[in-house]
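Residue numbers count from 1 along this sequence.
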Amino acid sequence: MNKKKGMDLLQKQSRAGWIFLAPATLMIAVMNFWPMISAFFTSLKTGSSANMQWAEPIFYNYARMFADKLFQRSIINTFLYLAIQVPIMLVLAILLAQLLNNKDLKLKGFFRTCVFLPCATALVSYSLIFKSLFATEGLINTILVNLHILSENYNFLGNPASAKAVIIIALIWRWTGYNMVFYLAGLQNIEYSVYEAAKIDGANGWETFWGITVPLLKPTIIMTFIMSINGTLQLFDESVNLTNGGPANSTITMSHYIYNNTFGTSVANFGYATAMAFVVFIMVGVLAFINLKVGDTRD
């Protein structure tokens, strides 16, 4: 009898749980999954937004990408930003978090705020600020000329290599503090006695960092790496507001090119733009899966 009552109680609890979950599950399905399914169907269509029809062949938009030189260039640019910016940014974030976690450091709150402040700046605003700084008559050129590093003003945003460098510098400035907060939170969960024990055993700062800090921060490092990859593959504001994809589309990103195909031309090509967006989605998923597998140390 008691067993039957226990089963009834478990069933009631399970039913109550599903009742509470149902509204959120329904909202996620309607607001997230259905638009994704609808977008996939759109990626199989061609024509203008007012007169779309099924593509012939059905995967025409996906095949078109392999012949689209500009889309291929946008992929190369995006992965270049990812390969250079993400490692530098995350290493700086870890080092800054380690430095600002020192219990003997004074004015820690002030320094943490200064490092975090850039990521509180609006994306459009900071892009325009960097565009002004690196303009031909901007502050950076003025300083470099006055220090006799440059003999004359240099067009940073008019040269493909330097324009890409400006975007990478801007990204590092904007997002290092954001990632530092995650590492700082992780470091504060590590008992200080662990470091004291390592010090007693004769470990120096570098050995302590690699032997204690990095292994214990591994879950946080993987999380920030995945978030950084996700954000960089969807890079948009810097390409649009800093360089407008130029010069000659040499700095354009995948999201910028998708936007141009959707809203940047006289005829909106929703089918092709949606197909490219799905390719970006697959790239994010594959890279995130690889990171999780590489970082998974469970047997």
Side-chain angles (χ1 to χ4, degrees), residues 35 39 42-43 48-49 61 64-65 68-86 88-89 117-141 154-179 227-284 287:
T42 302
S43 73
S48 64
S49 56
N61 286 324
R64 177 181 169 184
M65 281 183 255
D68 190 340
K69 299 298 183 182
L70 186 51
F71 181 62
Q72 293 170 14
R73 179 182 296 179
S74 72
I75 293 176
I76 293 171
N77 289 340
T78 305
F79 275 87
L80 177 67
Y81 300 143
L82 189 154
I84 298 175
Q85 174 256 335
V86 171
I88 294 174
M89 175 186 66
L117 200 58
C119 78
T121 309
L123 288 168
V124 175
S125 300
Y126 106 91
S127 297
L128 294 176
I129 289 170
F130 268 81
K131 185 176 183 178
S132 176
L133 286 172
F134 285 92
T136 307
E137 302 294 334
L139 179 63
I140 301 299
N141 264 308
Y154 181 76
N155 188 3
F156 285 101
L157 301 177
N159 181 280
S162 58
K164 290 173 184 175
V166 170
I167 290 177
I168 291 170
I169 292 169
L171 288 168
I172 293 171
W173 180 85
R174 175 69 167 74
W175 294 108
T176 297
Y178 177 81
N179 290 284
M227 290 194 306
S228 300
I229 289 173
N230 186 10
T232 306
L233 289 180
Q234 299 178 67
L235 191 63
F236 176 76
D237 291 88
E238 291 76 10
S239 174
V240 173
N241 298 306
L242 257 173
T243 63
N244 196 27
N249 292 316
S250 61
T251 61
I252 195 169
T253 61
M254 293 187 291
S255 293
H256 189 178
Y257 187 53
I258 292 170
Y259 173 84
N260 286 347
N261 276 273
T262 310
F263 305 109
T265 57
S266 57
V267 179
N269 197 340
F270 288 126
Y272 186 46
T274 307
M276 288 189 287
F278 263 93
V279 170
V280 175
F281 170 74
I282 292 169
M283 289 179 181
V284 171
L287 289 174

**Prompt:** Regarding Thr274 and Thr42, is there a side-chain donor-to-acceptor distance under 3.5 Å anywhere?
**Reply:** no
**Message:** Checking Gln234 against Asn230: is there a side-chain donor and acceptor pair closer than 3.5 Å?
**Reply:** yes
Quick one: does any side-chain atom of [X] pair with a main-chain N or O of [Y] as donor and acceptor, under 3.5 Å?
X	Y	value
Ser127	Leu123	yes
Asn155	Thr136	no
Tyr81	Thr251	yes

**Message:** Is the ring pair His256/Tyr259 parallel, tilted or perpendicular, if the boundaries are 30 and 60 degrees?
**Reply:** tilted
**Prompt:** Taking the six-membered ring for Trp, are Phe156 and Tyr154 parallel (under 30°), tilted (30 to 60°) or perpendicular (over 60°)?
**Reply:** perpendicular
**Prompt:** Can you tell me if CZ on Phe278 sees more than 12 non-hydrogen neighbours from other groups inside 6.0 Å?
**Reply:** yes
Can you tell me how far the [atom1] atom of [X] sits from the [atom2] atom of [Y], to the nearest 0.5 Å?
X	Y	atom1	atom2	value
Asp237	Arg174	CG	CZ	9.0 Å
Thr243	Asn249	OG1	CG	9.5 Å
Leu157	Asn244	CG	CG	11.5 Å

**Request:** Kindly indicate, with the supporting measurements, whether the criterion side-chain contact (heavy atoms from CB on, under 4.5 Å) is fulfilled by Phe71 and Asn261.
**Result:** CA-CA 11 Å; Phe71 181 62; Asn261 276 273; over 6 Å; no
**Prompt:** Under a 4.5 Å cut-off applied to non-hydrogen side-chain atoms, are Lys131 and Asn241 in contact?
**Reply:** no
